[in-house]
Amino acid sequence: MKDTDWEQLLRQSLSSTAEPEESLNQSIISELKERNQIKHKYRKTLSAGLLAAVLLLVLSLSAYAAVHIYSPKQVAENLGDQLLADAFESKGAIQVNQSVDSGNYRFTLHGLVSGAGLSSFKHSNEDIYPERTYAVVSITRQDGNPMPKTSDSEYGEDSFFISPLIKGQKPWQVNIASMNGAYSETVIDGIMYRIIECDQVELFADRGVYLAISSGTKFYSNEAFRYDEISGEIQVREEYPGSALFDLPLDTAKADHAKAEAYLKELLNISPSKTSSNKDEEWMNWIQDLKAKISNGEKIGSEIPESVKEVSYDKSGNIIYTYNGKRVTEPPEQLFAEGETGFSVRRLSISGGDDTYTATLFHKDENGLITGRLIQLEKGFHR
Amino acid sequence: MNIDDLIELVEQHGKSIYRFCYKLAGNKADADDLYQDTFLKAVELRFKMNPSHNPKAFLISIAVRLYKNHRRKLAWRQRIAPTTEFDAAANSLDSTTSKATPEDAVISIELRTLIQDATHQLEDKLRLPIYMYYTADMTVEEIALALGIPQGTVKSRLHKARQTMKKALEVVSP
């Protein structure tokens, strides 16, 4: 018998068309699912017991075996920034790899690097401040659930503020937002990685620089951190679920006090928050002036005659005023005190923009009849 | 590897694993048990499994270990002659798809039975690679992975198994 014939004979004789029954496969699949649930329950029970510490070690090892944690270089590569990936491997890069558990999260600061021209993606502010700092942070959930993928609808529901903060500087004034910051984010194997960048912070190395993380908002929150005006220190509020503060191990030799002062002076002078608060103040003053004029019976603008209409009421007793697509629903007691007549100044609704504003005014006569009207304001508010 | 990956493996490699279990166990009831136990054992070992590192070979290796353990513990009955149920499907398929004459087909059925007997009587280290290669459609590389032996050893065992069976058949039907 030829070898090829023999080979064919073996194949024909030993092959099989036997198949597992569908019910057998289904029973296995059900069993697999059930055993998976039993495993989870088992772990939870143990974690509550005396073996918590041992189990923590076991779980940590399991997690290590099952999930690959990316390095700053790999995260940058994953986000398509090879230049930055190389920078994270350079001599000047700082490896931190510290974790803090808070609330339902584990925050890990992996590392940071500072310098000019480190990223393939240039930030618009680099023309003014070429030197920037980049840091890689990861966030995982402690309940074992993965962080939502960027393609999931839940992605973005857990928002985070991740920013360097400088000791001695008010954190609501000097943070990633005012320091020309930006970030890139990705989720790999249920772990969220974020690369943050801002004007370089090594200038402040002699003062002390933190990296702050808080959940629940994209902006700095006084609920998550406490700032001591006297010592200049910033601390996490222990009662806040989901916040962490890392001391950045910067080289104090790289600090530049004079340059840092100049930077802060410019930053605080043009701080958007300050500009914004000034505008808010101007706006409030303008409204107060308008209310004063109304109370004094002075004219604040041109009444639109066809807008003068008696209000109607809904089932709850709220007044309803509609005109040209505009609709106001308001409880009458919010507008007028008991027995009060004339124009209401308790609530003054102003809408518009581009220096053209319209006020909605309500008037109550002696008979209790309330009318609404629109007033085209004579002098606009200049933003 | 997580549970969902394992469920996918049931669907993806279930047939090959089952056929291998069937050949090892020799009957449906024991094959069903071995097949089911293989996947349940895989739940415990899933953290060692990597979807990109030949999970089929891993599952087969689990089946082999379970089979050996079972045989030791329960002294599974070694079947000298295959049952009708065991071969009916394969034989009917082959006889209808081959171009042989009815006479050839009869000879072929006899030959097959002899080959199956001969394979069954091989010692484990020769028999397991043969079933993996011909029944579970595994490559030499996959067999080496599953048995934890070098590929060269797999090739030599396959060769030795073929020669042993050939000799046995020549004695039975000169």
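Naming: A, B, ... by sequence-line order, numbering from 1 per chain. No hydrogens, no waters, no symmetry mates; every other heavy atom, side chains included, goes into these values.
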Quiz item: Can you find a side-chain donor-acceptor pair between Asn25(A) and Tyr35(B) that sits under 3.5 Å?
Solution: yes
Quiz prompt | Side chain, backbone, both or neither of Tyr133(B) within contact of chain A (heavy atoms, under 4.5 Å) | solution = both
Please set out all donor-acceptor pairs under 3.5 angstrom arising from side-chain atoms of residues 210-218 of chain A, sequence neighbours excluded.
unit_1: Tyr210(A); atom_1: OH; unit_2: Ile234(A); atom_2: N; d: 3.1
unit_1: Ser215(A); atom_1: OG; unit_2: Pro241(A); atom_2: O; d: 3.3
unit_1: Ser215(A); atom_1: OG; unit_2: Gly242(A); atom_2: O; d: 3.3
unit_1: Thr217(A); atom_1: OG1; unit_2: Phe219(A); atom_2: N; d: 3.0

Quiz prompt | Glu223(A) atom CD, neighbour heavy-atom count above 12 within 6.0 Å | solution = no
Quiz item: Is there a side-chain contact between Leu10(A) and Met165(B), using heavy atoms and a 4.5 Å cut-off?
Solution: yes
Quiz item: Taking atom types as modelled, is there a side-chain donor on Tyr134(B) or Glu7(A) under 3.5 Å from an acceptor on the other?
Solution: yes
Quiz item: Which atom names give the shortest non-hydrogen contact between Tyr22(B) and Ala18(A), and what distance separates them?
Solution: CD1-CB, 3.2 Å
Exercise. Begin from the C-alpha positions of Leu32(A) and Leu40(B) and carry the test side-chain contact (heavy atoms from CB on, under 4.5 Å) through to its verdict.
Key: CA-CA 7 Å; Leu32(A) 291 179; Leu40(B) 297 184; 4.2 Å; yes
Self-check item: From Ser16(A) atom OG to Phe20(B) atom CZ, the distance as rounded to the nearest 0.5 Å
Solution: 12.5 Å
Practice problem: Select one option (side chain, backbone, both, neither) describing which atoms of Thr135(B) are under 4.5 Å from chain A's heavy atoms. | Solution: both
Self-check item: Partner set under side chain to side chain donor-acceptor pair (under 3.5 Å) for Lys73(A), not counting sequence neighbours
Solution: Glu77(A)
Quiz item: Based on non-hydrogen pairs under 4.5 Å, which of Arg19(B), Glu11(B), Gln36(B), Lys15(B) is most in contact with chain A?
Solution: Arg19(B)
Quiz prompt | Under 4.5 Å from a heavy atom of chain A, the part of Asp4(B) involved | solution = neither
Quiz item: CG of Leu14(A) to OG1 of Thr119(B): how many Å apart, nearest 0.5 Å?
Solution: 4.5 Å
Quiz item: Does any non-hydrogen side-chain atom of Asp137(B) lie less than 4.5 Å from one of Arg11(A)?
Solution: yes
Quiz prompt | Atom CD of Gln95(A): over 12 foreign heavy atoms under 6.0 Å | solution = yes
Practice problem: Output the distance between atom OG (Ser15(A)) and atom NZ (Lys23(B)), rounded to the nearest 0.5 Å. | Solution: 7.0 Å
Quiz prompt | Straight-line distance of Ile29(A) CD1 to Leu6(B) CG, nearest 0.5 Å | solution = 10.5 Å
Quiz item: Is it true that atom CD of Glu21(A) has more than 12 heavy atoms of other residues, nucleotides or ligands lying nearer than 6.0 Å?
Solution: no
Exercise. Mind checking the CD-CD1 spacing from Gln12(A) to Ile115(B)? Nearest 0.5 Å is all I need.
Key: 9.0 Å
